[in-house]
Amino acid sequence: MKQLIFSLMSILALTSCKKFNSFAQTLILNDSIEVAALEDENLLLVDTLSVTKLPKDIQKFYIENMYQVGWSKSTNREQLLKALDEAYLDGINNKKYNTKEIHNYHANYASLSEKDKVEADFAFTKAYYNASNDLYNGVLNPRKLYNDWDMFPKELNTAATMLLALDRESINESFDSLRTPNVMYAHLKNKLSDYYTVNKDSLKTFTAKAHKVNDTIPELVNIKKHLKFLNYYSADLPVDFINNEGVITAIKKVQKNSKLVENGVVDKKTLDAIIKEENTIKEKLVVNLERWRWFPRDLGKDYILVNIADFSLVAVKDHDTIKQHKVIVGKNSRKTPILTSVLKTVVINPTWTVPPTILKNDLTPKASANLSYFSNARFTIYEKSTGKVVAPENWDSSKASSYRYVQKAGVGNTLGRIKFMFDNNHAVYLHDTTNKSNFGRAQRNLSSGCIRVEDPFDLAQFIFDIQENEISQEEIKKILDSQNTKNISTNKEPIGIHQLYWTIQVDDKGKPTIYGDVYAYDSDLYKKLQ
């Protein structure tokens with residue numbers, strides 16, 4: 001089945017240092033592309049000393065533009081102002097762009113002195129820089145918000161990108177290119193636009209006492225628009241003032257979800273429930289748009305993606321989602337980190353080395369209470385300084401961190417019978433589990449940070465197929481029966497690993513699906529974005 005969730009846009013790879021081709025992409029990612037200065041003999045020159053007082057990245061623009069102003073054309077200014085004014089449609093608060101100041105500069109541009117035109121140019125350039133970074137990398141830096149989100153800024157040569165856009169009078173296209181090409185972002189953005197559209201109309205409670213099918217109820221026109229937005233009222237049904245079975249059913253669904261009397265009549269409590277649900281969706285749209293700006297623009301051709309908030313994993317081959325698995329993620333005290341990496345190795349019959357957190361909170365207390373814990377759990381103790389094996393009776397609990405604890409491979413291993421390794425800063429990976437029953441639970445934040453996968457050997461087959469590794473089921477069974485560890489490289493074809501977090505998804509028809517905010521990130525992020 002063709003993947004509906006992710007649709008990736010191809011980005012041209014531009015390498016050698018050369019003049020920019022006017023038909024190539026709008027975004028310039030690094031310094032390998034040289035963009036010519038604007039050509040207009042009437043452009044004002046900018047004082048060199050005044051440029052040195054600007055931020056370094058903005059100085060770069062004026063240096064590359066031969067110390068000339070960039071925003072002399074009205075078309076470019078108008079496009080910039082429109083983009084800034086509509087930033088809220090991307091869930092971005094535009095208050096930091098000083099839009100009032102630059103609107104005034106634009107409105108009075110013809111009458112400005114040369115000095116003021118230069119100051120105006122600085123203001124336009126700063127606004128473009130701020131807005132472009134917000135769209136490309138996000139308003140906030142996730143690494144400053146969380147210690148377990150390994151999302152890094154993406155490279156962008158803003159000076160050259162802006163210079164090209166000014167030359168082409170294509171500021172609009174420039175901002176479109178800065179948005180992530182993932183179709184999910186576009187769906188979220190469209191839904192947020194719908195939110196602002198429906199909220200232009202005021203909602204009123206029903207005033208009539210009789211509410212039968214085919215009754216005329218003036219308040220229903222706007223009510224139906226809001227119920228469509230919430231996906232309670234079918235898009236195929238009319239938006240008019242006639243009371244029909246569809247809208248009565250929709251109103252009763254709202255009332256049921258909010259534990260109200262299910263009478264199909266919009267009273268004050270029902271109206272408040274509709275507004276509350278809409279505001280919840282708006283909040284989730286805003287925060288998830290921001291997260292998609294943090295995430296990679298290109299997830300790759302073949303990849304494994306985990307949505308932590310949904311306890312789900314999808315396996316994608318050639319941009320086509322072909323497998324889906326339930327997963328168990330980290331408990332709230334040991335959250336699964338958000339990261340992106342590349343699969344390195346599949347390990348059959350893995351051993352398990354106890355990480356520091358589990359050593360401190362779990363192993364040490366259990367072993368201190370009963371030394372037979374080591375033999376029962378099949379642990380071998382190694383002295384870190386010498387690498388020598390330490391007998392359980394010689395283990396010193398007061399120096400627990402000076403040892404390395406390795407659980408033998410095979411039946412009963414904490415990681416199960418297979419794990420999937422990839423480079424990351426948190427020593428986490430995907431793996432099997434000995435406790436299969438937990439996959440039947442709805443709330444699956446139960447692990448110590450790693451991700452437990454249901455049917456992991458099915459996922460392994462997906463990986464082996466991409467790697468063109470023809471290992472048979474019989475060979476795998478022999479390895480399992482031997483209880484010897486087998487490492488299988490996955491370096492032939494890159495397979496991305498993406499552990500991401502989003503709490504709402506919108507399909508191409510505008511239908512929202514809300515996932516639980518398992519780590520309670522949404523509300524705090526929303527406040528920070530205001």
Can a donor-acceptor pair be found, under 3.5 Å and without considering hydrogens, that links the side chain of [X] to the backbone of [Y]?
| X | Y | answer |
| --- | --- | --- |
| Gln255 | Gly264 | yes |
| Asn445 | Val329 | no |
| Lys95 | Gln530 | yes |
| His325 | Val453 | no |
| Gln324 | Ser312 | no |
| Lys326 | Ala442 | no |
| Lys323 | Ile304 | no |
| Lys154 | Arg293 | yes |
| Lys189 | Asp90 | no |
| Gln499 | Pro337 | yes |

Scan side-chain atoms only and decide if [X] and [Y] contain a donor-acceptor pair under the 3.5 Å cut-off.
| X | Y | answer |
| --- | --- | --- |
| Glu78 | Ser74 | yes |
| Asp85 | His103 | yes |
| Asp267 | Thr270 | yes |
| Asn424 | Asp150 | no |
| Tyr501 | Asp517 | yes |
| Asp134 | Tyr97 | yes |
| Glu278 | Tyr195 | no |
| Ser202 | Asn222 | no |

Does [atom1] in [X] sit with more than 12 non-hydrogen atoms of other residues, nucleotides or ligands closer than 6.0 Å?
| X | atom1 | value |
| --- | --- | --- |
| Glu39 | CD | no |
| Lys96 | NZ | yes |
| Phe462 | CZ | yes |

Going by the rule salt bridge (charged side-chain N to carboxylate O under 4.0 Å, His left out), which residues pair with [X] if we only count those two or more places apart in sequence or in a different chain?
| X | value |
| --- | --- |
| Asp40 | none |
| Asp148 | none |
| Lys60 | Asp31 |

Test applied, salt bridge (Lys or Arg N to Asp or Glu O under 4.0 Å); reference residue, Asp522; option that passes from Lys282, Lys528, Lys284:
Lys284

Residue pairs fulfilling ring pair (Phe, Tyr, Trp, His ring centres under 6.0 Å) with at least one residue in residues 131-186, sequence neighbours excluded:
Tyr128-Phe175, Tyr146-Trp149, Tyr146-Tyr521, Trp149-Trp294, Trp149-Tyr521

Are the side chains of Asn307 and Leu500 in touch, meaning some heavy atoms are under 4.5 Å apart?
no

Just wondering, do Ile102 and His106 contact through their side chains at under 4.5 Å, heavy atoms?
no

So which atom in Gly449 and which in Val428 form the shortest heavy-atom distance, rounded to 0.1 Å?
O-CG1, 3.9 Å

Shortest non-hydrogen pair, Ala165 vs Ile171, comes out as CB-CD1, 3.8 Å

Listed partners of Tyr62 passing side-chain hydrogen bond (donor to acceptor under 3.5 Å, both in side chains), at least two apart
Asp121, Thr125

Tell me the side chain to side chain donor-acceptor pair (under 3.5 Å) pairs involving residues 231-240, sequence neighbours left out?
Lys224-Asp240, Tyr232-Asn257, Tyr232-Glu277, Tyr233-Asn244

